[in-house]
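Read the numbers this way: they start at 1 and go in the same order the structure lists the ligands and their atoms.
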Amino acid sequence: LGVHWYPGHMAKAKRILREQLKLVDVAVEVLDARIPTSSQNPDLDLMLGGRPRILVLNKADLAEKEETRAWLAYYRGEGKKAVAVDAVRRTGANILTRYLFQSAGRQKAGRIGHSLLSKSVRVMVVGIPNVGKSSLINCLVRRTRAKTAAQPGVTRGPQWIRIEKGLELLDTPGLLWPRFTSPETGFHLAITGAISDRVYDWGEMAAYLIRYLQEYREGLLAKQYGLENDFGQEEELLKVLARKWGFLQTGGITDTEKAALRLLQDFRQGKLGRITLEKAPR
Ligand SMILES: Nc1nc2c(ncn2[C@@H]2O[C@H](COP(=O)(O)OP(=O)(O)OP(=O)(O)O)[C@@H](O)[C@H]2O)c(=O)[nH]1
Ligand SMILES: [Mg+2]
């Protein structure tokens, strides 16, 4: 399970990130609101040292509202600055901007183009692959500057982007760490799209997701896909779905791999509704 998911370019990315850190006033750690625990890089504390940090729960549109609220309350209880964001629809961007200036110890001096700051606040945006770092920057910049795509590993080198509001934003490549604390972490990262689909087995990932939904969201799959029920073996359920979608191989054998991928895609695109895989401690 999860063998070559720590590609060589990540070691390089980490090195570059360390070099750039000297220039940084504030770090924004982008987490996936569906998996706040698993998307938090355990190496980052050491890397960032005492630098001010803001947590962004991104893709909040895909997570359960109540859970996201509970996560924010939890972080704030720990004295951390945290904000929920939907980088595509620009929700939460204004709060984040305010936090950035606060954390850098500055008041926002003026509106766009009227900045009284002699030097802009330098912000490094870090996080796991595909979590929406580049999208977040584009949403703060209000236009498309950083390249984004629905697969991990799009941003390769570091990239500073200056905006007129007295902020300079550094986009960075997605980082993972060499050892996951639990197999669950690996699954959660893979299911949400942080790890390349070439690494994990689709069937296993889909089976994990099905088990989760059977346990915590009973009836959801049945309702979504018009099935009689959604209990039973994961493999059986994938066969039912494959048949339903007409994913058949020669000889009429159901193509469960293809069904698994479709299910994962539906989850990632939010077609199954808002689903938080990791609940906030309360
Ligand atoms: N639904 C939803 N999708 C998002 C959000 N933010 C980003 N995305 C999507 O997630 C995918 C990855 O976004 P990127 O901004 O490229 O992510 P990244 O962290 O820069 O990825 P790498 O550079 O590959 O590490 C894209 O398809 C985005 O449209 C969000 O808040 N909500
Ligand atoms: Mg990127």
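Looking from atom 10 (O) of ligand 1 to the surrounding protein, the closest heavy atom is Lys59 NZ, 3.2 Å. Of the protein's non-hydrogen atoms, the one nearest atom 14 (P) of ligand 1 is Ser135 OG, 3.6 Å. Of all protein heavy atoms, the one lying nearest to atom 19 (O) of ligand 1 is Lys133 NZ, 2.6 Å. Summary of contacts: the protein heavy atom closest to atom 1 (N) of ligand 1 is Asp61 OD2, 2.8 Å. Of all protein heavy atoms, the one closest to atom 17 (O) of ligand 1 is Gly132 N, 3.1 Å. Annotation: atom 6 (N) of ligand 1 to nearest protein heavy atom, Asn58 ND2, 3.1 Å. Protein heavy atom closest to atom 4 (C) of ligand 1, with residue, atom name and distance, is Val88 CG2, 3.4 Å. Nearest to atom 12 (C) of ligand 1 among the protein's heavy atoms is Asn130 OD1, 2.9 Å.
With 3.5 Å as the limit, one finds a donor-acceptor pair spanning the side chains of Gln20 and Trp160.
For ligand 1, the atoms closer than 4.0 angstrom to any heavy atom of Ala87 are 6 (N), 30 (C), 31 (O). Close contacts of ligand 1 with Pro129, meaning ligand atoms under 4.0 Å from a residue heavy atom, involve 25 (O). Those atoms of ligand 1 that come under 4.0 Å of a heavy atom in Leu62, given as number and element, are 1 (N). Residue-ligand proximity, Gly174 to ligand 1, at heavy-atom distances under 4.0 Å covers atoms 25 (O). Residue Gln151 approaches ligand 1 through these ligand atoms, each under 4.0 Å from one of its heavy atoms: 24 (O). Residue Thr155 approaches ligand 1 through these ligand atoms, each under 4.0 Å from one of its heavy atoms: 20 (O), 22 (P), 23 (O), 24 (O). Near Pro152, meaning under 4.0 Å from any of its heavy atoms, are these atoms of ligand 1: 24 (O).
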Steps toward salt bridge (charged side-chain N to carboxylate O under 4.0 Å, His left out) verdict (Asp45, Arg53): CA-CA 10 Å; Asp45 278 333; Arg53 192 191 319 185; 2.4 Å; yes
Pair Ile128-Asn41, side chain to side chain contact (heavy atoms under 4.5 Å, CB included): steps then yes or no: CA-CA 7 Å; Ile128 58 169; Asn41 187 339; 5.5 Å; no
Lys279 and Glu64: CA distance, side-chain angles, deciding distance, salt bridge (charged side-chain N to carboxylate O under 4.0 Å, His left out) verdict: CA-CA 10 Å; Lys279 311 296 183 194; Glu64 294 159 34; 3.3 Å; yes
Candidate pair Leu170 and Arg122, rule side chain to side chain contact (heavy atoms under 4.5 Å, CB included), full reasoning: CA-CA 8 Å; Leu170 178 64; Arg122 289 189 156 156; over 6 Å; no
Chi angles and distances behind the side chain to side chain contact (heavy atoms under 4.5 Å, CB included) call for Ile275, Leu213: CA-CA 9 Å; Ile275 296 169; Leu213 295 174; 3.8 Å; yes
Steps toward side chain to side chain contact (heavy atoms under 4.5 Å, CB included) verdict (Trp71, Leu55): CA-CA 11 Å; Trp71 273 110; Leu55 297 174; over 6 Å; no
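Counting non-hydrogen atoms of other residues, nucleotides and ligands closer than 6.0 Å to CD of Glu66 gives a total of 12 or fewer. Within a 6.0 Å sphere centred on CD of Glu228, other residues, nucleotides and ligands contribute 12 heavy atoms or fewer.
In summary, Ser134 places an N/O/S atom under 2.8 Å from the Mg ion (ligand 2), meeting the contact criterion. None of the N, O or S atoms belonging to Thr172 lies under 2.8 Å away from the Mg ion (ligand 2).
Counting only distance, with no hydrogens or angles, the side chain of Ser196 and the backbone of Arg198 share a donor-acceptor pair below 3.5 Å.
Classified by interplanar angle (parallel below 30°, tilted 30° to 60°, perpendicular above 60°), the ring pair Trp177/Phe180 is perpendicular. Between His188 and Tyr208, the angle of the ring planes goes over 60°, which puts this pair in the perpendicular group of the 30/60° scheme.
Residue contacts with ligand 1 leave out Gln269, since none of its heavy atoms falls under 4.0 Å from the ligand. Taking 4.0 Å as the cut-off, Gly153 counts as a neighbour of ligand 1 on heavy-atom distance.
Of the polar atoms of Ala149, at least one N or O is found under 3.5 Å from an N or O of ligand 1, judged by distance alone. When only interatomic distances are considered, the shortest N/O to N/O separation between Asp171 and ligand 1 does not fall below 3.5 Å.
Note that CZ of Arg217 and CG of Leu272 are 9.0 Å apart. Values are rounded to the nearest 0.5 Å.
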